[in-house]
Every structure is written in structure tokens, then in C-alpha cells.
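Written below as C-alpha cells is the structure these notes are about.
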Amino acid sequence: MKYKLSLLQAIQDETRNISLMEVCGTHTMAIARSGIRELLPSNIKLLSGPGCPVCVTSQGDIDGVLELVRKQDIILITFGDMMRVPGTGSSLEEERSRGADIRIGYSPRDALRAAQENPGKEVVFLGIGFETTTPAIGAAIEEAREDGIPNFSVFSLHKIVPPALEALFADAEIKIDGLICPGHVGAVIGLGPFEKLASQYGKPCVITGFETLDILEGIFMLLQQIQKAEARGENQYKRIVRDQGNPVAMGLINQVFETVPARWRGLGVIPASGLKLRPEYARFDARRKFDIPEMEEIPIKGCACGAVLTGKIIPTECALFGRSCTPLQPVGPCMVSHEGSCAAYYRYMPLERKK
Amino acid sequence: MCLAVPGKIIAVKERQIATVDVNGNQTEISIRLTPEAKQGEYVLIHAGFAIEIVDEDAARETMRYLLEIMQYEDEKQ
């Protein structure tokens, strides 16, 4: 407790205007829940970046998934967060109510099992997530190849984090002085990519854990670097993250996937930021198997999720926030996903401010 | 989405499948991404796969934190 207070005190002593950004949905939730934002002086801003994989998925990609589940004899297995994300005129939840077979799973191995139990059907796993999640999906695809499971495939919406961070740093409209880097992405990719980003763009990057103490320590380490005009990659979350990451997990990503340009909500198309199954694994690629075309990008009217995801505005500055867009009636994905910035702001906002 | 849960490996079975104990509940995971993980060791689990071997203190600390969150969220309901 004493250490926590001394960290907080040191952070509160900072007088310069500093904007720090986290880029992980788990951090978004942890920060909102902890109340850290309210304890910081007004000159230190904590922004939420494009850290929620559901939120950064483009409208066209969601529409592509909706196109898939309307086909015959498909079982789609997805993480629960995707169910209510609005596509153009529909969502997975709505498609399910119209009869599509859509099931929530916690692991791609659930989909492998479903494929074996339903030989007459095509089982598709909706692959979404950053480097923390992608190795698991890659491993399941490799397992399907070894076992020769013919009716299993993955609809890959996977993305990698460092190119998006580069896009943020390169955008002159976005002012970020330091990055609170995602702990469990770090556990896979290691410190190297963050060191590279820090030196390339002159911004400190600190891999940070998820407890209140971790986050305070991460912020403190960033401020120390800023004070000394340094820009290094550092690892606050040493009890979990090895500096070299997990080479086996990285190896599986590279074995199964190749990078392609991908569209991110709010950031546009970023080169080499998406992951597509390599040609050797083409028969497990749902997009190829069921011939799902790239869909047109139709924006959601009035929704400012794009600006929220890049830290250009905070959720409460969106005209829809808390009025026509709430967790019960969400308009944009940042309010749908429970770890979206808007949902986190809304959930932990004092009751009297909820309209 | 990138939340990960610690568990203790109870037994390693065929094809890199392991039985783990997560806060008193037993479940099966794959240790394909941490092939050197052994019985008695602690791993961090995400989407049905161990993604990292961690020491016992880190595992206990992480579990304590996750339980704290769950309790807080329950009270908030």
C-alpha cells in the first residue's frame, strides 16, 4: 500500500502536459475499474487506443462474416464478444434468431471437437484477436491439418499490434508521449518490437501488467523516461513476460499465417497488419473455402468509434454516448464489446452522470 | 479479450494435452505453445492453450487479482 501511494504521489507531482495511451482492452477495463484516471492530475491524460480486437474490426469484415453464416450447413463458433457487433442491417445475434447455427466457444479446440461431432456440416471458427490469441488459432489449424479434419476452417480477422502502433505514432493529429503496452501480447512477441518502436518514433513504450499497482508502475516508468528525454522499450510485467516472448507461439503464427494489408476501424488500411492463412493452409481458410468476397465499407451513421479508437476523442465526447448508444442499445462496437472504451467508460461512470 | 488465467498442470497426457487445475476446477488445455511445461508447473492459459510457463508466486498473484475483479463485478451487478 505504501509503495502504491508513493508511486501515485510521484505521478501526481508531474506538472507537464502528458498524454499516455494504452492499447489493450484488458487495460481499458482495468484502468476504468481502478479509478486511476480520476486520481491523476488533469495534465496527465490516459487515452485508450485500438486495443480491442472486436472494436477495430472493420464494418466490411463483419459483413463478410454475416454473409458466411447465411450459407447452408455452416456452424460458426465465435468468442461471445462478437455476437452483438452490428454489421450492415444485422448482427450474428440477429442471424442466429433467424436460424443460423452460431455457437459461443472459449477455444478454437471447441470448434475442432464440433467438426468431429458434425461430419455433415462445415464448422467455421471466427478467428479474431491479436498476438495473444492468434497462436492458439494457429495451433488448432495445425492440429486440424495433422488429423485431416476436412470440415474445419477459420475465418481470420486476426491482426498484429505493432503496425497499428506505428500508424498511431505517424498520425500528426494524435498526440501520444508514451505507450502503456499490452502485457499478454508482450508475453508472445516479447520486448523487441516495442524497443524498435520506441527508438524509431522517440516514444517510451512500457509493457505493463493489469493490476492497479502494475499500471501505476507502468505510468511511473513512462514518466521517468519522459523526464530524462529517453525513449526505450521497458518491461514492467517481468513476472509474466520474458524479454524474448514466446518463440514457439511466434513460430506457429508465422508457420500458419502471412501478413496482408488490413482495414482497422478508425485507422484505415494498414500495410502488413492483418493475418491470412498461408497457401499451404488454404483449405482451412473459410474466406477462400466459401468464396466470401471483400465487402464494401459502410460506416455506421453518427458513430464516432473511429475517433475514440485513435484517442482523438474520449467516449463521452461522442454525441451518441449515453444517449442513443448505451450497453443495452449499442450503436458502435466500442459500446458493444464489454472491453470497448465506451462500454468501460459507461460501466464505471458515476450513476448521476448516466442520462 | 487478452485476459489469461493461471492454472497448475495436474497431468500431461498424449498429444500435448494437459489436465490443469484452475482455482479448484479441472479442465483440459493444450500445451502445444509451451511444449516444455511439466506436471506440477503453472501456466498462463488463454483460449484453451497455455501461452506461458509462470512461477507459482506469479500464478497465485494473478489468480488473486482475477478473483478480486470477479467479486467486484458481482457486487456491481
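Here is how names work: the chains are called A, B, and so on, in the same order as the sequence lines, proteins then strands, and each is numbered from 1.
For A:Y237 and A:F210, the gap between ring centers is short of 6.0 Å.
Distance check, rounded to the nearest 0.5 Å: CD1 of A:I31 to CD of A:E38 gives 11.0 Å. To the nearest 0.5 Å, atom OG1 of residue A:T133 and atom CZ of residue A:F79 are 5.5 Å apart.
Only the side chain of A:D147 comes within contact range of chain B, judged by heavy atoms closer than 4.5 Å. At a 4.5 Å heavy-atom cutoff, the contact between A:I240 and chain B is made by backbone and side-chain atoms alike. Heavy-atom distances place the side chain of B:L44, and not its backbone, under 4.5 Å from chain A. Within the 4.5 angstrom heavy-atom criterion, no atom of B:P6 approaches chain A. In this structure, chain A has no heavy atom under 4.5 Å from any part of B:I53. Using a 4.5 Å cut-off between heavy atoms, A:I137 makes no contact with chain B at all. Looking at A:P135, the atoms closer than 4.5 Å to chain B (heavy atoms on both sides) sit in the backbone and in the side chain alike. For B:I45, no part sits under 4.5 Å from any heavy atom of chain A, backbone or side chain. Interface residue B:E61: backbone and side-chain heavy atoms are both found under 4.5 Å from chain A.
The residue among A:L252, A:V54, A:V248 with the most heavy atom pairs within less than 4.5 Å of chain B is A:V248. Options A:R33, A:E339, A:R239 differ in how many heavy-atom pairs under 4.5 Å they form with chain B, and the most are formed by A:R33. Residue with the most contacts toward chain B among A:E143, A:E131, A:E146: A:E146 (heavy-atom pairs, distance under 4.5 Å). Chain A forms the most heavy-atom pairs under 4.5 Å with one residue out of B:I29, B:L3, B:V54, B:I69, and that residue is B:I69. Each of A:A30, A:P108, A:A136 has some count of heavy-atom pairs under 4.5 Å with chain B, and the biggest count is that of A:A136. Options A:G138, A:G25, A:A139 differ in how many heavy-atom pairs under 4.5 Å they form with chain B, and the most are formed by A:A139.
A:T132 and B:H46 share no donor-acceptor pair across their side chains, judged by distance under 3.5 Å alone. The closest side-chain donor-acceptor pair between A:E217 and A:T208, if any, does not fall under 3.5 angstrom. Defined by atom type and a distance below 3.5 Å, a donor-acceptor pair is present between the side-chain atoms of A:S48 and A:E22.
Considering only heavy atoms from C-beta on, A:R37 comes within 4.5 Å of A:Y345 through its side chain. Side chains of A:F194 and A:I189 form a contact here, defined as non-hydrogen atoms less than 4.5 Å apart.
Nearest heavy-atom pair across A:A32 and A:Y348 is CB-CD1, 3.5 Å.
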Item checked: salt bridge (charged side-chain N to carboxylate O under 4.0 Å, His left out) evaluation trace for A:E211 with A:K4 -> CA-CA 11 Å; A:E211 297 194 38; A:K4 221 187 254 185; over 6 Å; no

